[in-house]
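First the structure, then my questions, so here it is.
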There are 2 protein chains.
Amino acid sequence: MKTTGFEKEAVTIGQRNRLQYIILGLLDQRPQTGYDLTKAFDNEIGEFWQAQHSQIYPLLKRLEETGDITHEVTVTGEKLAKKQYQLTPAGHEKLVAWIGEPSPELTALKDEFILKLYFIKTVDDPRLQPMLQEQILLHQRQLRHLQHRQETVFTNQAAIDQAYGHYLILDHAIEREQHYVQWLERYLTPRKDS
Amino acid sequence: MKTTGFEKEAVTIGQRNRLQYIILGLLDQRPQTGYDLTKAFDNEIGEFWQAQHSQIYPLLKRLEETGDITHEVTVTGEKLAKKQYQLTPAGHEKLVAWIGEPSPELTALKDEFILKLYFIKTVDDPRLQPMLQEQILLHQRQLRHLQHRQETVFTNQAAIDQAYGHYLILDHAIEREQHYVQWLERYLTPRKDS
DNA sequence: TAAAAACATGTAATTAATTACATGTTCGAG
DNA sequence: CTCGAACATGTAATTAATTACATGTTTTTA
């Protein structure tokens, strides 16, 4: 691959760019604009992946160049032009291929609290208990948020059957937060009543 | 901050650069070389943060410029010069300040398997069960690895007392993997005996 | 009806992080 | 004594991701 001299002409997308697959997956559900895709990260996708519009718009352009998506312009009102993107057959294949690939990598979790904990050397460090308390509040809040999402999104069995994967990951996230809180509470020393 | 004209002269390190604190924290334990720090990511730190030497060496240079660390050169054998880095009082303060700050952000977990699951729409999708099986093997392996680490690193109470935070995060990681495997197994449909 | 919020789309600058390039030394095993 | 593994330190190129800059339209609400 180093001797052909053609590599620079190819529109290449980094192998580890997983955002592109999220975009393909979202567009597989229905045609959407860049704005719509951006909004999706405020809602369900936001629970497990983050992206801003400044990353999405350029990527849409690249995906169109690689032939994975196309767009058509629709005009709302007098002059506001929206670009509705949709998958091409090639884009759909690419999505299916990605889902079918093995996922042999462990999550690279980058939890700042865990990082700080590592540098707490002794059980009686006065910073430990306040840190645990802060994290309990944080994760209890996240747990309530996730439970609320589950209650509002999956109100009946039909909703679960139509978006089973989404149901699974929300269920997984809820359990993860429950266990996180339980773990934190186990190491929290109750404060004395004064 | 936008009108002084002096900003460009300051050596600034991005606010979210948490690798610098890992380096400060590791150097707080004992003076070390860039190579030693890199090795630390192959071992315990590697469980929850990743960095290559190509990121570490330039950062050591910047931390020295900002006055957080200093180094002295020691020669091994005939001519191999090692740079032993150590914290300055300013660097120590910076580490302490960071640990003392609140950590109000949730982990941005970027789990490719979870991402793929989101796009599985129905319970009878033939890709689902193989995906669950693959992840069970992956997380069982990780669980065994973590348990082995715990058994070898924390062989007695004294070891726990000296590195309590490390003990906590290893304990946390083990429980997280246990729950992950349990969760996966719950959705795994047993294969029929043929 | 005026203002604010939401809709809509982009680029620029910077930083973080990975992969590849590049070089040389020391130590231990065979 | 030689060869390979581990020690040791850097830079370059690329990609990913965030924050800031930049502009304009439509809809809702006060």
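Note: hydrogens, waters and symmetry copies are ignored here, and every other heavy atom, side chains too, is used. Reminder, nothing fancy here: chain letters follow the sequence lines and each chain counts from 1.
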With the criterion being N/O to N/O and under 3.5 Å, what pairs connect the protein with nucleotides 11-13 of chain D, and how long is each?
unit_1 : atom_1 : unit_2  : atom_2 : d
D:dT11 : OP1    : B:Lys61 : NZ     : 3.0

Quiz item: Is a side-chain donor or acceptor of B:Lys82 paired with a backbone partner of B:Tyr35 at a separation under 3.5 angstrom?
Solution: no

Quiz item: Want to settle it: does A:Thr38 or B:Leu19 sit nearer the 5' end of DNA chain C, counting the closest nucleotide to each?
Solution: A:Thr38

Quiz item: What integer distance in Å separates B:Gln20:CD from C:dA17:C1'?
Solution: 15 Å

Exercise. Write down the distance between NZ (B:Lys39) and P (D:dT9), rounded to a whole number of angstrom.
Key: 12 Å

Practice problem: In plain terms, say whether A:Asp36 and A:Lys39 are close enough for a salt bridge, that is, a side-chain N and a carboxylate O under 4.0 Å apart. | Solution: no

Self-check item: nucleotides 23-30 of chain C: protein proximity per nucleotide (B base, S sugar-phosphate only, - neither; heavy atom, under 4.0 Å)
Solution: --SSS---

Quiz item: Once the angle between the rings of B:Tyr180 and A:His172 is folded into 0 to 90°, is it parallel (under 30°), tilted (30 to 60°) or perpendicular (over 60°)?
Solution: tilted

Self-check item: Separation between OG1 of A:Thr155 and CD of A:Gln150, rounded to the nearest 0.5 Å
Solution: 11.0 Å

Quiz item: Has A:Tyr35 got a side-chain N or O lying under 4.0 Å from the OP1 or OP2 atom of C:dT9?
Solution: no

Quiz item: Between atom CD1 in B:Ile23 and atom P in C:dA16, what is the gap in whole Å?
Solution: 12 Å

Practice problem: Give the minimum heavy-atom separation between B:Lys116 and A:Ser103, together with the two atoms involved. | Solution: NZ-OG, 3.0 Å

Quiz prompt | Aromatic plane relationship, A:Tyr21 with A:Trp98 - under 30° parallel, 30 to 60° tilted, over 60° perpendicular | solution = parallel

Quiz prompt | B:Gln52 CD - D:dA16 P separation (whole Å) | solution = 15 Å

Exercise. For A:Ile56 and C:dG10, give me the distance from atom CD1 to atom P, rounded to whole Å.
Key: 12 Å

Exercise. Using the six-membered ring wherever Trp is involved, compare the ring planes of A:Tyr85 and A:His71 and label them parallel, tilted or perpendicular (cut-offs 30° and 60°).
Key: tilted

Quiz item: A:Lys82 has an atom NZ; how far is it from atom P of C:dA6, in whole Å?
Solution: 16 Å

Practice problem: Please report, rounded to the nearest Å, how far the C1' atom of C:dG10 is from the CD atom of A:Glu64. | Solution: 14 Å

Quiz prompt | With A:Tyr187 via side chain to side chain contact (heavy atoms under 4.5 Å, CB included) - residues at least two apart | solution = A:Leu132, A:Trp183, B:Tyr164, B:Tyr167, B:Leu168, B:Asp171

